[in-house]
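To start, the structure under review is shown below, and the notes come after it.
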Number of protein chains: 2
Amino acid sequence: MNIGEKSAGKQPPRRVTAAMVAEHAGVSTATVSLVANGKSAGRVSKHNEERVREAIRELGYFVDGIGSSLAKGVSSLVILVAPDISNPFFAKVIAGVRSVLGNDYQLLLSVTDAGISPSATETRRLLGLRPAGLLVHAPTKVFLEDLAGPLPLVALDAPGIDPSIPAVNMDVAQGAEAVVAHFASLGHTKAAYLDGSTGTDTLMVRREAFLDAATHYGIEVLPGNVASSMIDVGAASDEFSRNWPMWESCGVTALACATDTQAFGVLHAARHLGIRIPHRLAVTGFDDLPYSATSSPSITSVQLHATEVGRQAALKLRELIDGQAPQSLQSMLPSSLVVRGSTTADGGL
Amino acid sequence: MNIGEKSAGKQPPRRVTAAMVAEHAGVSTATVSLVANGKSAGRVSKHNEERVREAIRELGYFVDGIGSSLAKGVSSLVILVAPDISNPFFAKVIAGVRSVLGNDYQLLLSVTDAGISPSATETRRLLGLRPAGLLVHAPTKVFLEDLAGPLPLVALDAPGIDPSIPAVNMDVAQGAEAVVAHFASLGHTKAAYLDGSTGTDTLMVRREAFLDAATHYGIEVLPGNVASSMIDVGAASDEFSRNWPMWESCGVTALACATDTQAFGVLHAARHLGIRIPHRLAVTGFDDLPYSATSSPSITSVQLHATEVGRQAALKLRELIDGQAPQSLQSMLPSSLVVRGSTTADGGL
DNA sequence: CTGTTAGCGCCTTCAT
DNA sequence: ATGAAGGCGCTAACAG
């Protein structure tokens, strides 16, 4: 009785193992392993290599990731931890990551409930998969502490992060300044800000940069002229409606929103309230979502380069996995202001 | 020399194994396994259980998913294969799935490039993870054939699928009929259709159901009045602009789009062309995306119940994983028409 | 109740 | 260039 017979006798159609391939090809499992992993160069004879390849094809063998991971101590998984997958930002980030990872690593996303970092339990389970590396969007301190290990990790979109942690950020501060500069160039002198209330670092940076730049450019933003809402069209719409009477009485003529989604809400409310945009009120968003170019009016927004964020993060991660220190630990991608109809009457053309 | 010492001597901070915990607690690894997996009821003495728990806590032990999976022959992973993650539909589906899976299974998403099913290679790599089950969005025949195995699998949003495969679908045909009925009730007699060109089954069903219902309701849809574009705002906008002159000359007064995204494009183009909506042309979408309620005009659309799709699919998958035959192999969730400003002048109020 | 044992499938020395 | 053998960490089956 050999392995082949034993397995053939069992009821469930047993999976094809390296041992079966070895037997079929008349070689040892070691040789199969070498060939299957493309490490046969100069270590396996042409003749045997061919026989193994043939056996693999005939039997339909493929390397079992679990067994392989156990033996190697690490899997070929790269896990992207992404709260809030509905952010259109991600589709592009993922494309960028995939373009760099190719077939060498397998990308999987771990999604949590809207905007929440994984719990300690979830984190441990992730680690239990022995991923080759982790890509983490907007990680919280707690999450990074839970990780506590020498696992290759790159943070994305984490402005306030510990400078010793590899990260790829977008220069949202620069974007916020560009918004202010744009307002100033249009002659606005009193502005308001609609913040997002999820408390992520990037939002904080956007707001502070906006306020600082406003001071610098001599644009007045009264404390009472900073509101905050959930990142949701309806919530933003409501919040704006509630605040407008006061803002109007203060002479506000420009409003910057923390996200395009909120800008949509503002546009919606403005329509109902009969506020002409951009004539009576100039509005800006942030993120440059796909619909922002075609809404009515189209939205002046800060464009972020999501694909490039994904690419660079994956590049850094690969360096880490390979045991190198990344060329630069953290990098910052520029953002750019896209001027459209919500701030200038001819911007949409 | 024991295991503990040996590991302490090595340079890399060795991971905590069940053997270490066993030694620390003065029991066998089997006992540790029982306790760690919550299977200790009536199989481990209170005293030992307590000692093990303490050791686990002190050492910071957690079960290694890889070792566990190898021993059990299957992991606790549920993989959601999702082409086109940018579809806002998914965030809700995921929420539904998570609510059912809870802590028993770990959900990970496998994302491919926009709208493409995973390649055979990718599929094999997925299988190499030995997932407990697969949730597959809009699977292609090829993909299902690549799978070829007794793996628990539930398809989502796969209208044309083999009736022997467990699936959760949405009644998009009903939705398309509702659109036609709505047009008819408004007195339209000549309509056009803007299809999506990705070739997914759901789009085919939407189109055919629309055309059938049109015949039934006596609404004329000339063959030349069915156009098709990528599911993209810009592409739809262009396609509409190109077709409008002809449609107009045919007396078309109503246009159904295969997706809300395309409806946005139409709205955009209509604005540039000076076509008043809904007065001159009534427009409908499909999917009821978040922005559809607040665009200008807001879009009449077919609402799908994504969260429920996720819930039910996960429920079915659990039954399959547990070795039961699901109560109903396939189920169909109703869809409903949401009437808004793009078809009736007062719909947006 | 508890410990021992025998793998799960693979990869990697180490001899040959 | 090749094969035998020893784990990787865990769990299921079996003995006590």
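Chain identifiers are assigned alphabetically (A, B, ...) following the order of the sequence lines, protein sequences preceding nucleic acid strands; residue numbering begins at 1 within each chain. As a basis for the values below, the full set of heavy atoms in this structure was taken, side chains included, without hydrogen atoms, waters or symmetry mates. Note that the structure is a prediction, hence the values are computed from the model and not measured.
- Within a 6.0 Å radius of CD in Q327(B), no more than 12 heavy atoms belonging to other residues, nucleotides or ligands are found.
- Residue contacts shown for V32(B) are absent, as no nucleic acid heavy atom lies under 4.0 Å away.
- Applying the 4.0 Å criterion to OP1 and OP2 of dC1(C), one finds that T31(B) has every side-chain N and O outside that range.
- As rounded to whole Å, 10 Å separates atom P of dG3(C) from atom CZ of R51(B).
- A salt bridge links E308(A) and R311(A); the closest N-O separation between the charged side-chain nitrogens and carboxylate oxygens is under 4.0 Å.
- The pair K141(A)-E145(A) does not meet the salt-bridge criterion, since no charged nitrogen lies less than 4.0 angstrom from a carboxylate oxygen.
- The interatomic distance linking N37(B) (CG) with dT11(D) (C1') rounds to 8 Å, in whole Å.
- The nearest whole Å value for the distance from the CD atom in E49(A) to the P atom in dG3(D) is 14 Å.
- Using a 4.0 Å heavy-atom criterion, one finds that S69(B) contacts no nucleic acid atom at all.
- Distance, E23(B) CD to dG9(D) C1': 16 Å, rounded to whole Å.
- The interatomic distance linking M20(A) (CE) with dG9(C) (P) rounds to 7 Å, in whole Å.
- The Y61(B) side chain lies nearest to dC10(D) when the options are dT4(C), dT11(D), dC10(D).
- Between dG9(C) and R130(B), a contact under 4.0 Å exists linking OP1 or OP2 to a side-chain N or O.
- Taking only side-chain nitrogens and oxygens, S68(A) never comes nearer than 4.0 Å to OP1 or OP2 of dC10(C).
- Looking at which nucleotide of DNA chain D each of R43(B) and G67(B) is closest to, the 5′-most match is held by G67(B).
- Residue A18(A) is classed as a sugar-phosphate contact, given heavy-atom separations below 4.0 Å to backbone atoms only.
- Nucleotide dT13(C) holds its C1' atom 13 Å from the NZ atom of K39(A), rounded to whole Å.
- The backbone N or O of V100(A) lies less than 3.5 Å from a partner atom in the side chain of R318(A), making a donor-acceptor pair.
- Side-chain N/O atoms of N48(A) include none lying less than 4.0 angstrom from OP1 or OP2 on dA1(D).
- One can place CG of L34(A) at 10 Å from C1' of dT2(D), the figure rounded to the nearest angstrom.
- If you take CG of L70(B) and P of dG7(D), they are 17 Å apart, rounded to a whole angstrom.
- Look at R51(B) and E23(B) and you find no salt bridge, because none of the NZ, NE, NH1 or NH2 atoms lies under 4.0 Å from a carboxylate O.
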